[in-house]
Number of protein chains: 2
Amino acid sequence: MSRKVIVGAAQLGPIARQETRRQETRRQAVARMIALMRQAHARGVQLVVFPELALTTFFPRWYFDDPAELDAFFEREMPGPETRPLFDTARELGIGFYLGYAELVWEAGQARHFNTSILVDGRGDIVGKYRKVHLPGHHEHEPWRPFQHLEKRYFEPGDLGFGTWQAFGGTMGMALCNDRRWPETYRMLALQGTELMMLGYNTPIHYPPVPAHDHLQGFHNHLCMQAGAYQNGMWVVGVAKAGREEGCDLLGQSCIIAPTGEIVAMADTLEDELITHECDLDRTREIREHIFNFALHRRPETYGLITQPTPG
Amino acid sequence: MSRKVIVGAAQLGPIARQETRRQETRRQAVARMIALMRQAHARGVQLVVFPELALTTFFPRWYFDDPAELDAFFEREMPGPETRPLFDTARELGIGFYLGYAELVWEAGQARHFNTSILVDGRGDIVGKYRKVHLPGHHEHEPWRPFQHLEKRYFEPGDLGFGTWQAFGGTMGMALCNDRRWPETYRMLALQGTELMMLGYNTPIHYPPVPAHDHLQGFHNHLCMQAGAYQNGMWVVGVAKAGREEGCDLLGQSCIIAPTGEIVAMADTLEDELITHECDLDRTREIREHIFNFALHRRPETYGLITQPTPG
């Protein structure tokens, strides 16, 4: 049986805020995603990867003191009325997708907020869910910043850990944005057998705490994903929301990375753009059975500090 | 007090085997290293980093069934008669050094073999010792290979773990060769505060299990070290034994990498070559206090598998 999956990375350009016409904005974003799914279908794609928080503008850039205003960016059900067309299109075309969105769930009378991704198969069924573990940014309003990055305020850390799912002929893993900077993310997925990791991101070019690093954002983005792919022998599909969104420049350079760490496809715009690659999941073995054969070469007895709480 | 250290990466070209004239070969290698130390002194260097197994040819490329023939490549004391001139030169010039060598120690009537590095200060005193944790290669003779890589046969895994030392105005860490491919190495050192990691390597260009990756050796070498530097906000000094040694091509491209992951100095030959850079240890803070602030952003409670034994 073939272990080749044609994957599409469906970068999105900016999504305007328009919070007063929320429904229309979501509908517009969904329409753009469906257009990308139809392009993907025409190019033989079986699995489309969308960005993090793909349904709205990247709202953690603003401080909201009105909970209702904040919660308007969150999905209370998935699919909901505005997102159901994505699932219908998946079923119609027989294409799966990865989607990042803001998730609001009620548990024991408490609202809980997560930065979430789901994996949907070609029948339109949700087969996997991940909630972002590594939340970047800050918790308090910091008016000195040109834009806030309030993920630590608006989301709880993911409570599902790092998981994998059997789908698309192999073992699939999910992560979100800042997770890609942490080598532990890739390792946790690879130790569970992940062969292809999907990851959406929203990454401002400007990093207010150390502006001298702004020109390195693209380098760091690829460096972490390429190293994670190689050191774990897995495909990595990293997909941006890109371009100037509400005055804030977001990194593009969405890419598909082979288990050798090589970038084999990359977006060349900051707009809605589809890139594709046929990913042979068996190529993970070139790495995982040799140079990074975990059973032969890892020395977990020397890694103790990694799972201990970091001194504050 | 200044936290800037001028570091020299002292790449070595090939060292011939000449096992029948062992002493002369070691003396020759030491003479070459002393020449590099004198060059370094003239360029203001305070700390010179030499390669892994810097005193002899890379002997794990051969299968030896005579233990005496094998043990001839090992040092029984450090300094010994042939290596003492390195320590004398360090004291004379007030320059410290990192040196990789094969270490043979007797414990409870048993010979133990390690792939070891030491850190020597500008008074010629050994201030730190590390024994390689991640031994690559194979344990049994595999005659189908053009060259063996018998590190797993000839060495025990290091029994000292990953340590750090206060020296040269900061916190120093050591690792060896294949350790650089494993993100756990950098993380273990960084969690203990390492600001500058020294690493020597001997890396054949030809990787017999997957020859299709040979052309990627240089890319993989830099990818791992650059990611490790950035993801841990530390300086990394990677130093090769380079060139065609006994018919086997060894990777060069020794480099000094900033805490941003940028290569700031690189060797341009496959011979004895010194490259230098002034490393400001305070630049680690740009990374470690912000994007990779471990206390704020790590989620060790989700990393459990990393310290568990890998299923075989």
Side-chain angles (χ1 to χ4, degrees), chain A residues 133-138 152 157-158 160-162 178-179 181-188 191-192 207 209-210 212-213 216 219-220 223-224 226-228 230-232 260-262 285-287 289-312, chain B residues 133-138 152 157-158 160-162 178-179 181-188 191-192 207 209-210 212-213 216 219-220 223-228 230-232 260-262 286-287 289-312:
Chain A
V133 163
H134 295 99
L135 297 172
H138 48 106
K152 283 201 193 293
L160 303 176
F162 293 102
N178 183 47
D179 287 323
R181 298 190 195 269
W182 299 86
E184 290 88 349
T185 298
Y186 307 88
R187 191 64 102 220
M188 282 300 297
L191 286 168
Q192 298 172 77
Y207 183 64
V210 191
H213 294 185
L216 300 173
F219 165 58
H220 288 156
L223 177 63
C224 291
Q226 291 183 272
Y230 169 57
Q231 291 172 328
N232 296 280
T260 55
E262 293 167 284
R285 299 171 57 183
E286 296 166 19
I287 298 287
E289 294 180 0
H290 300 286
I291 192 86
F292 293 109
N293 181 319
F294 291 159
L296 277 183
H297 300 311
R298 294 185 82 240
R299 308 293 312 179
E301 71 279 12
T302 69
Y303 304 156
L305 292 178
I306 292 175
T307 48
Q308 292 174 25
T310 313
Chain B
V133 163
H134 295 99
L135 297 172
H138 48 107
K152 283 202 193 291
L160 304 175
F162 293 102
N178 183 46
D179 287 324
R181 298 190 196 270
W182 299 85
E184 291 87 349
T185 298
Y186 307 87
R187 191 64 101 219
M188 283 300 297
L191 285 169
Q192 298 172 78
Y207 182 65
V210 191
H213 294 185
L216 300 173
F219 166 58
H220 288 156
L223 178 63
C224 291
M225 292 196 288
Q226 292 183 273
Y230 169 57
Q231 291 172 328
N232 295 280
T260 55
E262 293 168 285
E286 296 166 18
I287 298 287
E289 295 180 0
H290 300 287
I291 193 85
F292 293 109
N293 181 320
F294 292 159
L296 278 184
H297 300 311
R298 294 185 81 239
R299 308 295 312 181
E301 71 279 11
T302 69
Y303 305 156
L305 292 177
I306 292 175
T307 48
Q308 291 174 25
T310 313

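Here is how names work: the chains are called A, B, and so on, in the same order as the sequence lines, proteins then strands, and each is numbered from 1. No hydrogens, no waters, no symmetry mates; every other heavy atom, side chains included, goes into these values.
Looking only at heavy-atom pairs under 4.5 Å with chain B, the residue among A:Gly261, A:Gly228, A:Gly161 that has the most is A:Gly261. Per-residue heavy-atom pair counts under 4.5 Å with chain A were compared for B:Ile287, B:Ile291, B:Thr185, B:Leu296, and the maximum is reached by B:Ile291. Considering only heavy-atom pairs separated by less than 4.5 Å from chain A, the leading option among B:Gln226, B:His220, B:Glu286 is B:His220. When each of A:Ile306, A:Leu305, A:Val210, A:Val133 is scored by its heavy-atom pairs under 4.5 Å with chain B, the top score falls to A:Ile306.
Only the side chain of B:Phe162 comes within less than 4.5 Å of a heavy atom of chain A; its backbone N, CA, C and O stay farther away. Residue contact with chain A, scored on non-hydrogen atoms closer than 4.5 Å, involves the side chain of B:Phe219 exclusively. Contact of B:Leu135 with chain A is made through the backbone alone, with heavy-atom distances under 4.5 Å. Looking at B:His213, only its side chain comes within 4.5 Å of chain A, counting heavy atoms on both sides. Heavy atoms closer than 4.5 Å to chain A are found in the side chain of B:Leu216, but not in its backbone. For chain B, the nearby parts of A:Phe294 are the backbone and the side chain; heavy atoms of each come within less than 4.5 Å. The parts of B:Glu262 that come within reach of chain A are both its backbone and its side chain, each placing non-hydrogen atoms under 4.5 angstrom from that chain.
Under 4.0 Å is where a charged nitrogen must lie from a carboxylate oxygen, and between B:Glu184 and A:Arg299 no such pair does.
Between B:Pro300 and A:Pro309 the shortest heavy-atom distance is CG-CA, 3.9 Å. Among all heavy-atom pairs drawn from B:His134 and A:His297, the shortest one is CD2-O, 3.5 Å.
The closest side-chain heavy-atom distance from B:Met188 to A:Thr302 is not below 4.5 Å.
Ring pair B:His290/A:Tyr207 is perpendicular by interplanar angle, where above 60° counts as perpendicular and below 30° as parallel.
Once rounded to the nearest 0.5 Å, the distance linking OG1 of B:Thr310 with CZ of A:Arg298 reads 4.5 Å. The CH2 atom of A:Trp182 sits 5.5 Å away from the CZ atom of B:Arg187 when rounded to the nearest 0.5 Å.
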